[in-house]
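One structure is given here, and the rest of the page talks about it.
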Amino acid sequence: MKENMERDVIIACDFKSAEDTFRFLDLFRDEARKPFLKIGMELYYAEGPSIVREIKRRGHRIFLDLKLHDIPNTVKKAMAVLSHLDVDMCNVHAAGTIEMMKAAREGLTREDGTRPLLIAVTQLTSTSEERMQRELLIGASINDTIVKYAQNAREAGLDGVVCSPLEAGMVHEACGRDFLTVTPGVRFADGEVADQVRVTTPARAREIGSDFIVVGRPITAAADPVAAYRRCVAEFVG
Ligand code: C5P
């Protein structure tokens, strides 16, 4: 798994169809650096596993972001199905408990002992501390919740967590430098925030110690997506 762990930018391919996705990916045809891509619920539910195989065939690394959250047995079986898709990274919600995360890891592990990286969502980057406390009745601070969920994920044998780049430093402090932080909620200093709450720039994400930034609309909705991607790489990877 080690070769997949170098700091990188992951583009969130939040498109509604294969056609839109390939139109977007064709823009990167001459790019020396083949972007690492995230396939989320919208695209996966629209196109199914074939979109994963097709993008993989084009040589991209893939983070399959389906955020599984169910009883342990169901998650284990679903992960066993996903393990055959040959993605590089996939995820669950840490809120599903340590038992569920362990079941996910077992299900994802292939017969030969290999598996994709497995990470857990702590708190969505669109969730504010106020909403978490008022609506979810979680009385702790959002930072304490994130650190605790990250520790649970590490205890379950996962490789890292999804959190805001603002939280990457404290997660590493609590769980070690090798424990991955995959961080959406990234915006250019001069860009739109939209529905995200806990955001920062690619350069700041690097300073705080994020391992992978997940960037959607700042690249996909840019007038020049390739230029926006290069700007992210320049700021984050160097
Ligand atoms: O367009 P934007 O850059 O906000 O996209 C962020 C991506 O990261 C989306 O695909 C979203 O589903 C995902 N994500 C997130 N917060 C999390 C986990 C995943 O924004 N905690």
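Residue numbers start at 1 and run along the sequence shown. Start at 1 and go down the list; that is how both ligands and their atoms are numbered. Computation of the quantities below employed the complete heavy-atom set of this structure, encompassing side-chain atoms and omitting hydrogens, waters and symmetry-equivalent molecules.
Any N or O atom pair closer than 3.5 Å counts here, and Gly216 shares at least one such pair with ligand 1.
If you chain together hydrophobic residues whose side chains sit under 4.5 Å apart, Ile11 and Val87 fall into the same group. Residue Leu124 is not grouped with residue Val171 when hydrophobic side chains (ILVMFWY) are merged at heavy-atom distances under 4.5 angstrom, including chains of intermediate members.
Of the options Ile39, Ile119, Leu124, the smallest heavy-atom separation from atom 21 (N) of ligand 1 is shown by Leu124.
Between the side chain of Glu129 and the backbone N or O of Ser141 there is no donor-acceptor pair closer than 3.5 Å.
For atom 16 (N) of ligand 1, the nearest non-hydrogen atom of the protein is Thr125 OG1, 2.7 Å. Protein heavy atom nearest atom 12 (O) of ligand 1, with residue, atom name and distance: Lys67 NZ, 3.7 Å. Looking only at protein heavy atoms, the nearest one to atom 13 (C) of ligand 1 is Lys38 NZ, 3.8 Å. Nearest non-hydrogen protein atom to atom 17 (C) of ligand 1 is Pro184 CG, 3.6 Å. Closest to atom 20 (O) of ligand 1, if we only count protein heavy atoms, is Gln196 NE2, 2.9 Å. Summary of contacts: the protein heavy atom closest to atom 9 (C) of ligand 1 is Asp14 OD2, 3.4 Å.
At a heavy-atom distance under 4.0 Å, only side-chain atoms of Pro218, from C-beta outward, approach ligand 1.
Contact analysis leaves Gly185 out of contact with ligand 1, as no non-hydrogen atom separation drops below 4.0 angstrom. For Met41, the heavy-atom gap to ligand 1 stays at 4.0 angstrom or more.
The two residues Asp26 and Arg58 have their closest heavy-atom pair at OD1-NH1, 3.1 Å.
Counting heavy-atom neighbours within 6.0 Å of Lys102 NZ, excluding the residue itself, gives a total of 12 or less.
A cation-pi geometry, defined here as NZ or CZ lying under 6.0 Å from the six-membered ring centre and within 45° of its normal, holds between Arg231 and Phe188.
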